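FYI, the numbering just counts along the sequence from 1. Given the structure is predicted, the values throughout are model-derived calculations rather than measurements. In each ligand, atom 1 is the first atom listed, and ligand 1 is the first ligand listed.
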Amino acid sequence: MTERLYTVAATEWSPGCTAPDAAQATLALENGRVLYLPRLAFRLPINERRFLSPRFSDGKTKNISYDPSSGGLRHTATAGADRTALARMMARYADAAHALVTGLCPTYARDLAWGLTSYRPVDATGRQTSPRKDDTRLHIDAFASRPVRGQRILRVFCNINPDGVPRVWNLGEPFEAMAARYATTVPAQLPGSAWLLEKLHVTKGRRSAYDHLMLSLHDRAKLDDDYQRSSSAVRIEFPSNSTWIVFTDLVMHAALAGQYLLEQTFYLPTANMMDETLAPLRKLENLCHRPLA
Ligand code: SIN
Ligand code: FE
């Protein structure tokens with residue numbers, strides 16, 4: 001298809017990957033390619049297909065989220081047996097995604113940390129949001145409440161649409177090009193602000209200079225109408241019953257259309273990469289000539 005994708009033919013969530021293949025796939029990811037698994041589907045047993053409906057969302061947020069470390073489920077109005085079964089479905093996806101990443105990228109296995117699992121039963125085009133929250137605009141991922149302090153954000157997506165509707169994305173220009181456009185004019189964090197945000201529980205942990213810069217890049221790109229209109233982008237359709245893995249802190253992306261998506265977030269220490277110089281942290285430090293961690 002396009003050189004933006006690195007296709008892997010796996011049909012199992014626990015692929016046995018041999019060393020040279022694993023290193024090649026891992027490096028492709030680190031270089032900003034999307035690991036694309038067109039033949040890897042996440043099948044729902046009959047009794048879980050009832051969850052393929054937007055009514056399970058609470059109507060306020062775009063996704064239902066599950067925390068694999070606590071078992072907590074949020075942003076759904078569901079109660080009782082449905083709630084338990086929905087959490088079980090998402091837990092199964094979390095485990096599958098973990099097995100997939102550690103199978104394809106064994107060097108990540110030791111320090112891969114769990115983030116949230118998300119289920120998006122609402123049509124991607126139908127969300128009314130502010131430009132800053134609008135994921136149909138090109139952006140890198142950076143979380144306002146969850147500082148990463150340089151850790152990578154690695155996400156596993158699976159289109160579980162039952163009617164053959166693809167998930168449509170745009171992939172934007174390379175990270176360096178976007179960063180060169182905005183990074184050097186971002187003002188430093190106000191002294192004491194990171195401390196205050198943590199104290200007020202706005203952030204979970206201390207927001208670093210890196211987090212501040214990444215959030216600013218996220219916002220600037222999304223709020224720049226000219227950029228959204230005119231920067232180069234490649235349109236990709238991920239068919240239903242396909243899976244893809246992306247470093248979303250590196251790859252400019254926008255979700256244009258689709259419904260029924262599962263997603264698992266992982267955090268990876270920069271030091272665990274095969275080539276640390278490919279991390280946004282290192283790229284931004286080079287650009288700004290100062291340490292940011
Ligand atoms: C995003 O990560 O920006 C959204 C991806 C999607 O919902 O397809
Ligand atoms: Fe995103």
Side-chain angles (χ1 to χ4, degrees), residues 4-5 29 32-38 40-42 52 54 56-57 60-66 75 90 93 97 101 115-146 148 151-161 163-175 178-179 211 214-224 227-228 231 233-268 280:
R4 306 296 298 265
L5 305 184
L29 255 188
R33 291 175 77 185
V34 174
L35 279 199
Y36 173 49
L37 299 107
L40 184 60
F42 187 75
L52 294 167
F56 289 94
S57 147
K60 291 187 215 94
T61 41
K62 62 177 182 178
N63 47 251
I64 298 168
S65 72
Y66 171 77
H75 308 303
M90 293 180 69
Y93 181 71
V101 171
L116 298 179
T117 317
S118 106
Y119 172 42
R120 302 174 191 174
V122 179
D123 196 301
T125 48
R127 305 174 190 149
Q128 287 297 327
T129 45
S130 65
R132 197 174 267 113
K133 288 193 178 155
D134 183 358
D135 287 341
T136 69
R137 291 170 169 251
L138 284 164
H139 65 283
I140 46 157
D141 285 346
F143 305 133
S145 59
R146 207 288 188 192
V148 295
Q151 285 185 98
R152 305 300 314 277
I153 300 173
L154 183 62
R155 300 185 121 170
V156 181
F157 299 87
C158 184
N159 182 353
I160 58 168
N161 190 289
D163 305 315
V165 177
R167 193 90 182 168
V168 183
W169 277 25
N170 264 343
L171 295 177
E173 65 180 356
F175 182 88
M178 178 278 299
D211 292 304
M214 289 290 279
L215 268 175
S216 305
L217 295 177
H218 166 276
D219 290 357
R220 288 202 175 190
K222 270 193 180 171
L223 297 177
D224 185 341
Y227 180 74
Q228 293 295 332
S231 72
V234 178
R235 183 186 162 96
I236 311 268
E237 294 198 359
F238 298 103
S240 60
N241 298 318
S242 72
T243 299
W244 60 106
I245 311 175
V246 199
F247 275 116
T248 54
D249 54 357
L250 177 74
V251 177
M252 291 291 284
H253 61 282
L256 305 182
Q259 187 175 12
Y260 305 118
L261 182 82
L262 280 164
E263 177 268 322
Q264 176 63 47
T265 300
F266 296 104
Y267 300 103
L268 182 79

Just grab all the salt bridge (charged side-chain N to carboxylate O under 4.0 Å, His left out) pairs involving residues 243-260, residues at least two apart or on different chains. R152-D249

Within the 4.0 Å heavy-atom shell around A255, which atoms of ligand 1 are there? 4 (C), 5 (C), 6 (C), 7 (O), 8 (O)

More than 12 foreign heavy atoms under 6.0 Å from CZ of R235: is that the case here? no

Taking the minimum heavy-atom distance to atom 4 (C) of ligand 1, which of R120, E263, H253 ranks first? R120

Is there side-chain contact between L256 and T125, with at least one heavy-atom pair below 4.5 Å? no

Which atoms form the tightest heavy-atom contact between V168 and E237, and what is the distance? CG2-CG, 4.1 Å

Just the protein N/O/S atoms under 2.8 Å from the Fe ion (ligand 2), please, no waters. H139 NE2, D141 OD1, H253 NE2

Any donor and acceptor pair, going by atom type alone, linking the side chain of Q228 with main-chain N or O of A221 inside 3.5 Å? yes

Within-4.5 Å side-chain heavy-atom neighbours: Q259 and V165: no

For L261, the ligand 1 atoms with a heavy-atom partner under 4.0 Å come out as 6 (C), 7 (O), 8 (O)

Would you please say whether a donor-acceptor pair under 3.5 Å links the side chains of E173 and S231? no

Based purely on interatomic distance, does R167 place a nitrogen or oxygen under 3.5 Å from a nitrogen or oxygen of ligand 1? yes

Interfacing atoms of ligand 1 (cut-off 4.0 Å, heavy-atom, H139): 1 (C), 3 (O)

Cation-pi geometry met for R146 and Y267 (6.0 Å, 45°): yes

